[in-house]
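Chain letters run A, B, ... following the sequence lines, proteins first, then strands; residues in each count from 1. Quick caveat, the model's predicted, so the values are computed rather than measured.
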2 protein chains.
Amino acid sequence: MTKAPVASAMPSDAAPAFRETLPAKDVGGAFENMPCDLCASFQPENGEDRRDAGRRYAVRRGQAIGDIAATDSWCASLATGVLRIDASQGAAPRTVGLIFPGQIVAHPFDADPCGTAVVAVTRSNICLHARGDLQHVTEHYPSIRRLLLRSAFQTLAETRRWMLVISRPRARERVAAFLVSVAGRFPTSGHDTFDLVLSRGRIGELLGLSLETVSRQIHALAKAGLIALPRRRHVRLLNRSGLEAVAGITFRHPSGAAA
Amino acid sequence: MTKAPVASAMPSDAAPAFRETLPAKDVGGAFENMPCDLCASFQPENGEDRRDAGRRYAVRRGQAIGDIAATDSWCASLATGVLRIDASQGAAPRTVGLIFPGQIVAHPFDADPCGTAVVAVTRSNICLHARGDLQHVTEHYPSIRRLLLRSAFQTLAETRRWMLVISRPRARERVAAFLVSVAGRFPTSGHDTFDLVLSRGRIGELLGLSLETVSRQIHALAKAGLIALPRRRHVRLLNRSGLEAVAGITFRHPSGAAA
DNA sequence: CGGTACATTGACTGTCATCAAGCTACGTGG
DNA sequence: CCACGTAGCTTGATGACAGTCAATGTACCG
């Protein structure tokens, strides 16, 4: 959690457009004014000032949210893109979770137990509340506070569900569970083809497998006719229920396409 | 999360003594009036009514907190004893986490994603906030609210740390990490001997190992001179730093003995 | 056009799950 | 108090599976 390379663009006003940490040309205007879950819950009729809403940023692939926030305490709502959570337990950082659009990711308020960093896996648009801002908002805005608390417990429950996946003895089941989980996350995946987002190595980290095993299992699932592999990082579901049967779990996400 | 066998003793007043779900003779008076973390944070000087504090219960071994609360939404602070969190992802319930004294355990506010139950591993004393109570308290008591939010993120961080442990390829490391973790939890363990709390089988669930492997690894650690096994479920640390080295992690818990 | 990061494939070894049998501790009831 | 039953634990043998090492292959980047 270094705070060294501060994002190039610093927030200056509260207009609801994504701030840039990218060259301006890379920014699609599509997400400007798009309300994030946190901001959408502001209730002006209750005297809540919309200008206290978080500041929006476009985040580069590989960029850490912590660097943008430039404080040790922040919270963000993900509008588009995918983030990953890396935990560095002393040694090499390992990916321990993913954040998909609609989810809220909060960085521990006081102490960071093991050094976790939140990094953009793809180009992402976030709505960020930095330290002072966040404190002020959670004190005075019950709706935000509720949402944050609820999100925390939801994330906790999901993490526990992942523990069940990871503790499976067979690699096949874990990989299948990962695929089902990611597939269920993409609202855009009407046509059953989706981006795997992570490299084989990072999938391995997440599942507690070696990258070779991940590769082999993905291809084994393809040979079994459950999925197709149009590109290296893309998967098409040929038999979703079959895949869920292998995974032993049906992931159902509140937001996004039904699993 | 069945709500069938409601605890025998129902809360009736707000006196700060542990309510009984046990025959009265089994109740030590030692914990009466002992403040739980949640209640201790009440600030009467700010107009917070201490009578809104949670109700206290002594919980039998094997009893589910959900049965006592008799609602689908509650939160409890553990004074003494150990609780376990069981997640039943469709099939057989598996233990996915432990709760030690000083920790707060909250049951999801609205939806329970995978059916998790919180069960007493040993005889425990808890301070329980049930549904309506909880909502009222979190609305009107900033200190409680803060504590709850903080606790949620802390638990999340710990759960993520467990993911790192579980995803280790070697069984030896996982078992060692479990021992180090439990050892660090007991404030009473000044003499380095502690109760393992869980059966081999449940440890296996938690670590994603078979019970036979757990047994073998524990004995292997004993043969290596890192621990001694005075009784089946008791462990004495002979070489804590050596054990931590095998585990690859030093667990440090905010409350309880230093790791 | 070369470089780099990622992915695949193969061979081999170590570890762990599984099956199976016996053992210990503990509680219950005769 | 002892006999017995059960649940949990230990120990062994075996085979499948996943990690490791290594080499090759492929896409994407400048």
Side-chain angles (χ1 to χ4, degrees), chain A residues 23 26 60-62 84 92-95 119 121-123 164-179 195-224 227-235 246 248, chain B residues 26 60-62 84 92 94-95 119 121-123 164-179 195-224 227-235 246 248:
Chain A
D26 285 336
R60 261 197 307 277
R61 200 173 100 103
R84 68 167 198 262
R94 291 168 56 94
T95 297
V119 181
V121 171
T122 67
R123 216 169 140 296
L164 291 175
V165 171
I166 294 176
S167 63
R168 298 283 177 78
R170 304 247 172 278
R172 178 79 48 98
E173 304 170 3
R174 300 193 213 178
V175 172
F178 173 78
L179 295 179
D195 189 338
L196 224 37
V197 185
L198 297 183
S199 71
R200 304 287 190 265
R202 280 201 195 284
I203 296 172
E205 288 176 13
L206 195 54
L207 297 175
L209 298 170
S210 72
L211 67 92
E212 294 96 330
T213 299
V214 172
S215 177
R216 276 188 256 261
Q217 293 304 331
I218 287 179
H219 282 266
L221 290 170
K223 274 178 197 121
I227 60 173
L229 300 169
R231 288 176 231 182
R232 283 193 158 179
R233 292 232 183 149
H234 284 71
V235 168
V246 172
Chain B
D26 285 336
R60 262 198 306 278
R61 201 174 100 102
R84 68 167 198 263
R94 292 168 57 94
T95 297
V119 181
V121 172
T122 68
R123 216 170 140 295
L164 292 176
V165 171
I166 294 176
S167 62
R168 298 281 178 78
R170 305 247 171 279
R172 178 79 48 98
E173 304 169 2
R174 300 193 215 179
V175 172
F178 173 79
L179 295 179
D195 189 338
L196 224 36
V197 185
L198 297 183
S199 72
R200 304 285 189 266
R202 281 201 195 284
I203 296 172
E205 288 176 13
L206 195 56
L207 297 176
L209 298 170
S210 71
L211 67 91
E212 295 95 329
T213 299
V214 172
S215 177
R216 277 187 254 260
Q217 293 304 332
I218 288 179
H219 283 266
L221 289 170
K223 274 177 197 120
I227 59 174
L229 301 168
R231 289 175 230 183
R232 283 194 157 177
R233 292 235 185 146
H234 283 72
V235 168
V246 172

Give the B/S/- string for nucleotides 4-13 of chain C, one per nucleotide from 5' to 3', where a protein heavy atom under 4.0 Å of the base yields B, of only the sugar-phosphate yields S, and otherwise -.
--BSBBBB--
Does A/Leu211 form a side-chain contact (heavy atoms from CB on, under 4.5 Å) with A/Ile203? I'd like the steps, not just the answer.
CA-CA 7 Å; A/Leu211 67 92; A/Ile203 296 172; over 6 Å; no
Test applied, side-chain contact (heavy atoms from CB on, under 4.5 Å); reference residue, A/Gln217; option that passes from A/Arg170, A/Glu173, A/Arg172
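Among A/Arg170, A/Glu173, A/Arg172, the one meeting side-chain contact (heavy atoms from CB on, under 4.5 Å) with A/Gln217 is A/Arg172.
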Is there a side-chain polar atom (N or O) of A/Thr213 under 4.0 Å from OP1 or OP2 of D/dA18?
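Indeed not, no polar side-chain atom of A/Thr213 lies that close.
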Between C/dT15 and B/Gln217, is there an OP1 or OP2 to side-chain N/O distance shorter than 4.0 Å?
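Indeed not, no polar side-chain atom of B/Gln217 lies that close.
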Mind calculating the distance between [atom1] ([X]) and [atom2] ([N]) to the nearest angstrom?
| X | N | atom1 | atom2 | result |
| --- | --- | --- | --- | --- |
| B/Arg202 | D/dA7 | CZ | C1' | 13 Å |
| B/Leu207 | C/dC16 | CG | C1' | 14 Å |
| A/Arg170 | D/dG19 | CZ | C1' | 15 Å |
| B/His234 | C/dA25 | NE2 | C1' | 14 Å |
| B/Glu173 | C/dG14 | CD | P | 17 Å |
| A/Arg168 | D/dA18 | CZ | P | 13 Å |

How is A/Gly208 classified with respect to the nucleic acid when contacts are heavy atoms under 4.0 Å: base, sugar-phosphate, or nothing?
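The residue A/Gly208 makes sugar-phosphate contact but no base contact.
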Please step through side-chain contact (heavy atoms from CB on, under 4.5 Å) for the pair A/Leu196 and A/Ile218, ending with a clear verdict.
CA-CA 11 Å; A/Leu196 224 37; A/Ile218 287 179; 4.2 Å; yes
Go through it in stages, so that I can follow the logic: the residues are B/Leu229 and B/His219, the test is side-chain contact (heavy atoms from CB on, under 4.5 Å), and I'd like the CA-CA distance, side-chain angles, deciding distance and then a yes or no.
CA-CA 8 Å; B/Leu229 301 168; B/His219 283 266; 4.0 Å; yes
Does A/Arg84 reach the main-chain N or O of A/Val121 with its side chain, forming a donor-acceptor pair under 3.5 Å?
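Checking the backbone N and O of A/Val121 against the side chain of A/Arg84, no donor-acceptor pair under 3.5 Å is found.
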